[in-house]
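All remarks here apply to the structure that follows.
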Amino acid sequence: MSTSTWTVVVGGVAGLALVVFGVGMLVTGRAPDATARMFRSVRDAGCYHLLFGAGLTLVVLGTAVGGGLVTILTTLAALALVAVALVRFRPRGHRRTGSLSGGKH
């Protein structure tokens, strides 16, 4: 298996894993604690991962098909999905509570 084939396979698997992870959060309404802390809601986390996974999968499919115009169109669609994910559903980061030292004095 060549390096380019291996890279496409790994990228495709990663994209599909993100899609499944995002759909799982949207269907169950639950997210792992670390993921849930980074987003305003489980819905935002699910949509973010779903869109990123779909974008990565589109890039991989466009690359695998390798037909000039098809590759360009799938890449543009992928960029649109990722732009929506970044603008609408981006992670917010964690909020600090209490003192900076985190302990009691």
query = Does L26 have any side chain to side chain contact (heavy atoms under 4.5 Å, CB included) partners at least two apart in sequence or in another chain, and if so, which?
reply =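 Side chain to side chain contact (heavy atoms under 4.5 Å, CB included) check on L26 returns R43, C47, L50.
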
Gap separating the CZ atom of R90 from the CE atom of M38, nearest 0.5 angstrom =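 Here the rounded value is 12.0 Å.
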
All pairs passing ring-ring contact (aromatic ring centres under 6.0 Å, His included) where [range] contributes a residue, at least two apart:
range          : answer
residues 55-87 : none
residues 52-84 : Y48-F52
residues 5-28  : F21-H49

Donor-acceptor contacts under 3.5 Å from residues 27-34 side chains, at least two apart:
| from | atom 1 | to | atom 2 | distance (Å) |
| --- | --- | --- | --- | --- |
| T28 | OG1 | G24 | O | 2.8 |
| T28 | OG1 | R30 | N | 3.2 |

request  = Scan for salt bridge (charged side-chain N to carboxylate O under 4.0 Å, His left out) pairs involving residues 71-89, sequence neighbours excluded, and state none if there are none.
outcome  =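 For residues 71-89, and leaving out neighbouring residues, the salt bridge (charged side-chain N to carboxylate O under 4.0 Å, His left out) pairs sorted by first residue read D44-R88.
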
inquiry  = Suppose the criterion is side-chain hydrogen bond (donor to acceptor under 3.5 Å, both in side chains): which pairs have a residue in residues 69-81, not counting sequence neighbours?
reply    =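 Matches after skipping sequence neighbours: none remain.
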
ask   = If you take all heavy atoms of T35 and M25, which pair is closest and at what distance?
value =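 Closest approach of T35 to M25: CG2-SD, 4.0 Å.
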
ask   = Should side-chain heavy atoms under 4.5 Å link Ile, Leu, Val, Met, Phe, Trp and Tyr, which residues sit in the same cluster as L61?
value =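 Taking Ile, Leu, Val, Met, Phe, Trp and Tyr as members, L61 stands alone, with no cluster partners.
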
Taking distance alone, no hydrogens or angles, what donor-acceptor pairs closer than 3.5 Å link side-chain atoms of residues 78-87 to residues at least two apart or in another chain?
none

Which side-chain N or O atoms in residues 7-19 pair as donor and acceptor under 3.5 Å with protein atoms at least two apart or in another chain?
| from | atom 1 | to | atom 2 | distance (Å) |
| --- | --- | --- | --- | --- |
| T7 | OG1 | T3 | O | 2.8 |

